[in-house]
Amino acid sequence: ARVRSEAAQAVLRAQNRKAEAVVDRALAKLMKEGPGTEAKRSEGVEAGTVEGFPFLRNQKVVYLWSRPEKGGGLLRIRDLVSGHELLARKESKTIWWKVEAKGRQGQRSIHHNERAPCEVRFDAAGGEGRLSLRWQGKIEVRTETRLSADESLARSRIKVEVQEEGLGLKTVTFPLVEGILALSGGAENDQVLTTQRVGSLKASPLVSGETLGFMYPGGSMQFTALVGDGRGLYFAEEDGRANRKHFDWTPDAGRGTLTFSISHPVLNWGARELVREYESPGDVVTGPFQGDWFDAARIYRKWALTAPW
């Protein structure tokens, strides 16, 4: 039995290496040769597919999603300014969104995009690339991500519609990004900016071993960032309606990576009448930047000055 187990693990490792090589080859082709005819371009930004992998890119950043038959999760973020890779995810396990639903009797069910086939559409116009993904089933989900030619930050929205009778929405988690790599060696210089009250910097969960999270509203702001060695990874939601949400950073000590998520309790989910639709109230902002916590705060400030409150 032990021999069979070791053999099975060896096969699995070989399969994982092969899968990673496919991703690396597609990214290398995109960087060296371009996507060929499988893309649309506008004023320095591209949207398309390369070797079947959907992508958005400009001169500052590349975002790569898993192939539609594998579920369409966010797979890689390459910061072209610093030359660093920010994510290390397995294509077969790239969750991009998660929906918690409930039945009329209160029964709970979880739905996500892992290994769920999706449709892909892309376009580029006016200096902006757009990538749209659609999953069908009991719950239909659509995401759209936009990237401007002059920005490293991607802007995404999600729309969820229940198709099955007797099913309603409770919580929508989006984005859900696993496999976030440390910015400094061993994450020793990495810190997470939490924005409760006046904000604070805390050791990376990879160092502390503890999950970091905070609720909005309630004396906090709608952004956070991982910072270290002069660069960072920014997450925010530009929600002018100030809807309730929870930001979480969770460590995976075994892989040496972090998971980040924003979970959204669906308005009126506890009512007798089931809620069958949810749509992002604003852009979910994701991406790399150069600098420290102050630069992250400046990114948020730029939007906050335009917010209706």
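Remember, predicted model here, so these are calculated numbers, not experimental data.
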Peer 1: State, with a plain yes or no, whether a side-chain heavy atom of V50 is found less than 4.5 Å away from one of E33.
Peer 2: no
Peer 1: Apply ring pair (Phe, Tyr, Trp, His ring centres under 6.0 Å) to Y278 and list each qualifying residue two or more places apart in sequence or on a separate chain.
Peer 2: H264
Peer 1: Can R155 and E238 be counted as an ion pair, charged N to O under 4.0 angstrom?
Peer 2: yes
Peer 1: Got I77 and Y63 here, is their nearest side-chain heavy-atom distance under 4.5 Å?
Peer 2: yes
Peer 1: Less than 4.5 Å apart, any side-chain heavy atom of V227 and any of L193?
Peer 2: no
Peer 1: Do NZ/NE/NH1/NH2 and the carboxylate oxygens of R25 and E51 come within less than 4.0 Å?
Peer 2: no
Peer 1: So, do T145 and W96 sit near enough that their side-chain heavy atoms are less than 4.5 Å apart?
Peer 2: yes
Peer 1: Taking only Lys NZ, Arg NE, NH1 and NH2, and the carboxylate oxygens of Asp or Glu, determine whether R231 and D79 approach each other closer than 4.0 Å.
Peer 2: no
Peer 1: Mind checking whether Q222 and W303 have side chains closer than 4.5 Å, heavy atoms only?
Peer 2: yes
Peer 1: If you define the side chain from C-beta out and look only at heavy atoms, does anything of Q290 sit under 4.5 Å from D295?
Peer 2: no
Peer 1: Output a table of donor-acceptor pairs, distance under 3.5 Å, between side-chain atoms of residues 203-214 and any protein atom two or more places apart or on a different chain; print 'none' if there are none.
Peer 2:
{"from": "S204", "atom 1": "OG", "to": "L206", "atom 2": "N", "distance (Å)": "3.1"}
{"from": "S208", "atom 1": "OG", "to": "E210", "atom 2": "N", "distance (Å)": "3.2"}

Peer 1: Using side-chain heavy atoms (C-beta onward) and a distance below 4.5 Å, is H246 in contact with T173?
Peer 2: no
Peer 1: Nearest 0.5 Å please: distance from the CG atom of D123 over to the CZ atom of R41.
Peer 2: 13.0 Å
Peer 1: Would W269 end up clustered with W97 when hydrophobic side chains under 4.5 Å apart are linked, directly or stepwise?
Peer 2: yes
Peer 1: For the hydrophobic clusters of this structure (ILVMFWY residues joined by side-chain heavy atoms under 4.5 Å, transitively), does one cluster hold both L64 and M31?
Peer 2: yes
Peer 1: How long is the straight-line distance from NZ of K93 back to OG of S66, given to the nearest 0.5 Å?
Peer 2: 13.5 Å
Peer 1: Would you call R130 and E144 a salt bridge, taking side-chain N to carboxylate O under 4.0 Å as the test?
Peer 2: yes
Peer 1: Decide, yes or no, whether a salt bridge links E100 with K98 under the criterion of side-chain N to carboxylate O below 4.0 Å.
Peer 2: no
Peer 1: Spell out, yes or no, whether L87 and I95 are grouped together once hydrophobic residues are joined by side-chain heavy atoms under 4.5 Å, including indirect joins.
Peer 2: no
